[in-house]
Amino acid sequence: MNKELDKVYKPLENEDKIYNKWEKSGFFNPDNLNLPESAKNYTIILPPPNITAKLHLGHAAMLAIEDLLVRYKRLKGFRTLWLPGTDHAAIATQNVVEKRIWQEQGKNRHDLGREKFLEEVWSFLGITQATILQQIKKMGASLDWSRLAFTLDEKRQKAVRVMFKNMYDEGVIYRGERLVNWCPRCHSTLADDEVEYKEEKAKLYWLKYGPFVLATTRPETKLGDTAVAVHPGDERYKQYVGKELEIEGVLGKFKVKVVADYAVDKDFGSGAIKVTPAHSFVDDEIARRHNLASKKIINEDGKMMSNCGKYAGLSSREARAAIVSDMEEMGLIDHVDENYVHNSAHCYRCGTVIEPLPSKQWFISVDKKLDRLGGKSLKEKAMEAAQDKIIEFIPSRFEKRYLDWMKNLHDWCISRQIWFGHQIPVWYKDNEIYCGLEKPKDEGWKQDPDTLDTWFSSGMWTFSTLGWPDNFVNGEKVGDLAKFHPTQLLETGYEIITLWVSRMIMMSYFAINEPPFEQVYLHGMVLDKKGKKMSKSKGNGIDPLEMAETFGADAVRLSLLMGSTPGNDTRFSEEKIEAKRNFINKLWNISRFILDYSKDELEKNIEIQNLEIKTSADKWILSSLLDLINKTEENLENNNFSLAAEELNDFTWNKLADWYLEVAKIEKGKEKILIFILRNILKLWHPFIPFVTEVVWGSFNDNLLMVETWPEVNELKELVKKFNDNNFSIIQNIIIAIRNARSENKVEPAKKLEAVIFGHDNKECIAKNIDVIKSLKTSISSLTVYEEGDKIEGSIMATSQGVEIFLIGAFDRDQELQRLHKEEENLDKLIKIQERKLNNDEFVKKAPETVVALERDKLEIYKTEQARIKKAINKL
RNA sequence: GGGCGCAUAGCUCAGUUGGUUAGAGCACUUCGUUUACACCGAAGGGGUCCAGGGUUCGAAUCCUUGUGCGCCCACCA
């Protein structure tokens, strides 16, 4: 079914068609792969993009990497599942919808009421979800759409409720009064990592405070003070520690305790601080250590409470101004630093200043020892997973970051005061509390209005998508859960380790007492040309879809994969995509050439046994291909995606196109080899650039490349080896011959080279190739082979094992021989050094295993040397 | 304050346990264009591998100090 191929590859005309073909084939679903029982599983769960999101380059990079791995494993015969889904992103989504409603209807969510508001959210999501999924398909992602999940769909709702109930029943989830980061505008708590710090100018007030002078930026919190703290070693204040003092305040006199605590910095301010346990995290900790009372004075609206006398009802900012002016009048302010700079905490969503508040919230205890985890806590178990290498981080340095963060982890506040999300499955009636999957039957129960932190449901993502809890019966996994969990790899951005990765690990251990994945691969951020984060507001974003329209999705994918390494940020530019588009077109034209050249062989099934190596060029290209297959496999297994693509590129362009195809033009009869090579490189390239490879494949095959089998090397190895037997390295012979000739000191330069080359066993083989070389003259300015004179023009191309000799270019014979001579001396020196080391008894005694390594090194050096000479000659 | 990363050609970056003359793409210069490909070919220029010190026969690579940049965590009362 050889189809005519256009002169230039046109991605737009092919990509959608190919994607439909893939999707229709059903092979995205591992159940349709017709694999033997013994086939191993390979599972990646797609990190669910925010449902309101549009595809950006970060997504595109994630998809490129994951699809690369998934397609590779599928070709390798794994039962490969890549499971798609989207995230409801509670706060973000609610904000988007709130903004829309405000713009369109001039109403806020309270005007609409909870039920009506949620209806609006859902109808909005109906539109956006289709968008992001469509965009993912454009990138060629081979996701199993039959298993599509959403963090807030019915199945996941059930999973979340079961999880919550199980944790509640075991006391892991508890309700408590804690100081939380409170956003007075969003009316919600924020997790520690949702708080952003900004450097801001503020006034630092020095207050007269009984016998102390204290510095503070928030004089209004004086109304909630219950203590003064000093450093334990501070001699200035030693006399006061443990005493109770009476302090004059704007609302009259009040009493505070003086405590000594290491949290106080002697050298900052006056070395003494006022303690407001209800509205400061540090103070709260001091209060806990010293059993101090806590007095709440600011409410959820950020206003002063009724216990603040005449200041009640003022916002904390207003109260500050009022109190400062009153204190000034009373002479309680010593002085003010006007230009003090401090870090202030802001809501990551709306930028409002955070108010630390004591509040009733739901928490997950990370320290509670659990029977189901063998007496260990979630934190211990999650740390163990990394320490014992049950979960491997790539690159490994992120393991440290993970562990550091886990070590300092406090109980996780999971309740959020927003409407969109998983509502907490707890009902109240009078003083009773009920936690269950459904509302109790009898009257009068009212559900907790709060919803769960979005990471609660995404933390369950690996197993909730695989059918937990239905697929977890009496502690045994069944169905998809048994088949695909733990998953093999989580691929995500490094910035999300703390938010997501850590939660997934804890949740998975709690639910099924196993890790959610074996490896965590962290990719970097995609930055713009200048190294800045891409963002809509800056207008420096590159739209991957726009790029895919212009250059093809393959080019976008390849440009994201090449030149980037795990965990490092990548700068990205349009020129890079263009370069990859050019390569893809090159591959396209290579294919066109081969398909035309070998058109008579296309229908035949080419077995390796039928391949015939006739010339050294044949052997060279096939042994290069053999190397390439091995290296590609090795690189992909080690997550060196960029390197793998580079080596593929080198083979395809520099070896195959620039050399072998040129040879094939002159020397006919390479049909089988060429078609064999084409089939192989299409397979090797397919995970990187699936569309174009599938199109080419489809032009001379009836089946899909996507489910072909990965190249098998053993037979190829045999074939290449057979040809090797009578072709020992000519480079070795060159070296030996030169050495002999020189030591005899009688051969003049010109003869040396001739003697070497023509004296070789493969005279015939070389002679044959010389014809090729001569006919290659078209691409060389002038060519004279093996003639007497000052210059030899031509080139030598050699492989480490073989005899490939073509001559191109020009070199000065004397200079060249001098150089070879020098190289040889260097080689001798190196080997002597190694030998000296080997003969040193003490050295040997000290490190016997090193000696073994050295033996190998010696070999390595020799090999490197060979390769280097090869390269030098090749370069001529 | 604690931690992590980066510094290699004009630009963007590779360089896997130390190994001989440090690579690629883009850009640049010259020449070419007889059909696989101008989204092309050939040739070429361009690097005290941030600086100082150390280990080694040998360092871009390992150790140390410093400088510059980026990120993360904590926190500034």
Side-chain angles (χ1 to χ4, degrees), chain A residues 5 7-9 192-193 197 199 204-205 214-218 221 229 263-265 268-276 280-283 286 340-345 395 397-398 400-401 404-405 408 494-495 497-498 524-525 527 529 531 551 555 559 562-565 567-573 575-576 578-597 634-635 638 640 642-643 646-647 649-650 654 657-658 661-662 665 778-781 808-810 819 822-823 825-827 829-830 832-834 836-837 853 857 860-861 864-865 868-869 871-872 875:
Chain A
L5 300 179
K7 204 166 173 181
V8 172
Y9 174 61
D192 289 346
D193 30 49
Y197 291 91
E199 276 211 344
L204 185 65
Y205 301 92
L214 311 172
T216 181
T217 52
R218 301 198 60 188
T221 60
V264 183
D265 179 357
F268 186 90
S270 59
I273 62 171
K274 58 193 220 46
V275 181
T276 322
S280 152
F281 287 98
V282 183
D283 295 5
I286 294 174
Y340 179 68
V341 176
H342 78 141
N343 266 342
S344 72
R397 67 184 134 94
F398 286 109
K400 192 172 155 43
R401 189 192 283 193
D404 282 352
W405 191 78
N408 298 321
Y494 62 76
E495 73 278 5
I497 295 175
T498 51
M525 284 186 300
L527 307 173
K529 236 192 245 180
F551 300 110
S559 58
M562 290 183 81
S564 71
T565 40
N568 289 337
D569 297 344
T570 329
R571 294 188 190 193
F572 197 74
S573 64
E575 293 84 67
K576 210 166 162 181
E578 199 179 335
K580 301 311 158 198
R581 187 270 317 264
N582 293 353
F583 168 75
I584 286 163
N585 193 52
K586 185 79 182 179
L587 178 63
W588 177 258
N589 275 295
I590 290 168
S591 307
R592 268 198 334 133
F593 174 83
I594 294 178
L595 291 174
D596 183 56
Y597 183 100
E634 193 186 317
N635 283 328
N638 293 325
N640 292 325
S642 183
L643 194 57
E646 257 169 59
E647 280 168 1
N649 180 79
D650 178 59
N654 301 334
D658 290 351
L661 293 191
E662 293 305 321
K665 280 179 191 170
T778 50
S779 56
I780 308 159
S781 48
I808 289 188
R819 226 198 40 224
K822 215 173 114 198
E823 295 316 327
E825 273 186 340
N826 279 343
L827 179 64
K829 207 160 77 190
L830 280 164
K832 262 184 212 144
I833 289 159
Q834 296 294 346
R836 205 169 62 217
K837 276 194 174 177
D857 278 354
E860 286 288 334
I861 289 163
T864 321
E865 181 65 4
R868 206 198 49 69
I869 292 176
K871 206 167 77 186
K875 223 174 170 181

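Naming convention: chains lettered A, B, ... in sequence-line order (proteins, then strands); numbering from 1 in each chain.
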- Examine A77(B): is either OP1 or OP2 under 4.0 Å from a nitrogen or oxygen in the side chain of Lys274(A)? Give yes or no. no

- Note on the structure: Regarding the side chain of Arg592(A), the nearest nucleotide among C26(B), C37(B), U16(B) is C37(B)

- In Watson-Crick or G-U wobble terms, both distances under 3.5 Å, what is the partner of A60(B)? none

- Side chain of Thr217(A): nearest nucleotide among A77(B), C37(B), G15(B)? A77(B)

- Query: Is there side-chain contact between Thr570(A) and Lys576(A), with at least one heavy-atom pair below 4.5 Å?
  - Reply: yes

- Given that both distances must come in under 3.5 Å, which nucleotide forms a Watson-Crick or G-U wobble pair with A74(B)? none

- Closest to the Lys400(A) side chain, choosing from G3(B), C71(B), G25(B): G3(B)

- Query: For the atom pair CG (Asn649(A)) and CZ (Phe583(A)), what is the distance rounded to the nearest 0.5 Å?
  - Reply: 5.0 Å

- Task: Kindly indicate whether the side chain of Thr565(A), heavy atoms from C-beta on, has any atom under 4.5 Å from the side chain of Leu643(A).
- Result: no

- Message: Would you measure the distance from the C1' atom in C49(B) across to the matching atom in G18(B) and give it in whole Å?
- Response: 15 Å

- Item | Between U8(B) and G25(B) - C1' atom distance, rounded Å | 15 Å

- Whom does C69(B) pair with, Watson-Crick or G-U wobble, provided both distances fall under 3.5 Å? G5(B)

- Look up atom CZ in Phe551(A) and atom CD1 in Ile584(A), then write down how far apart they are to the nearest 0.5 Å. 11.0 Å

- Query: Contact class for Ala657(A) vs. all strands (heavy atom < 4.0 Å): base, sugar-phosphate, or nothing?
  - Reply: base

- Query: Can Asp404(A) and Lys400(A) be counted as an ion pair, charged N to O under 4.0 angstrom?
  - Reply: yes

- For Asp658(A), answer base if it contacts any base atom (sugar-phosphate contacts may also be present), sugar-phosphate if it contacts only those atoms, and nothing otherwise; contact means non-hydrogen atoms under 4.0 Å. sugar-phosphate

- Query: When the ring planes of Tyr9(A) and Trp588(A) are compared, do they come out parallel, tilted or perpendicular, using 30° and 60° as the limits?
  - Reply: tilted

- Answer yes or no: side-chain N or O of Arg581(A) and base N or O of C39(B) forming a donor-acceptor pair under 3.5 Å. yes

- Message: Should the side chain of Lys586(A) and the base of C37(B) be counted as holding a donor-acceptor pair, with the cut-off at 3.5 Å?
- Response: yes

- Note on the structure: Applying the 3.5 Å cut-off to both distances, the Watson-Crick or G-U partner of C26(B) turns out to be G10(B)

- Task: May I ask you to evaluate whether Asn582(A) reaches the phosphate of C40(B), defined as a side-chain N or O under 4.0 Å from OP1 or OP2?
- Result: yes

- Paired with U48(B) by Watson-Crick or G-U wobble geometry, both distances under 3.5 Å: which nucleotide is it? none

- Task: Pick the C1' atom in C11(B) and in U17(B), then give their distance to the nearest Å.
- Result: 32 Å

- Query: Quick one: which of A77(B), A14(B), C71(B) gets closest to the side chain of Ile273(A)?
  - Reply: A77(B)

- Candidates C72(B), C37(B), A77(B) - which lies nearest the side chain of Thr216(A): A77(B)

- Using the P atom as the reference point in each nucleotide, state the distance between A51(B) and A7(B) in Å, no decimals. 13 Å

- Message: Considering every strand and a 4.0 Å limit on heavy-atom distances, what is the contact class for Ala215(A): base, sugar-phosphate, or nothing?
- Response: base

- Regarding the side chain of Leu204(A), the nearest nucleotide among A77(B), A36(B), C39(B) is A77(B)

- Nucleotide nearest Val8(A) when distance is taken to its side chain, options C71(B), C39(B), G25(B): C39(B)

- Taking the side chain of Leu661(A) as heavy atoms from C-beta outward, which of C39(B), G5(B), A36(B) is closest to it? A36(B)

- Which residue lies toward the 5' end of RNA chain B, Tyr9(A) or Tyr494(A), if each is placed at its nearest nucleotide? Tyr9(A)

- Side-chain atoms of Thr565(A) come closest, of A14(B), C71(B), A36(B), to A14(B)

- Task: Please tell me which of Asp404(A) and Met562(A) maps to the more 5' nucleotide of RNA chain B, matching each residue to the nucleotide holding its nearest heavy atom.
- Result: Asp404(A)

- Ranking A36(B), G3(B), G25(B) by distance to the side chain of Phe593(A), first place goes to A36(B)

- For G41(B), the Watson-Crick or wobble partner whose two distances fall under 3.5 Å: C31(B)

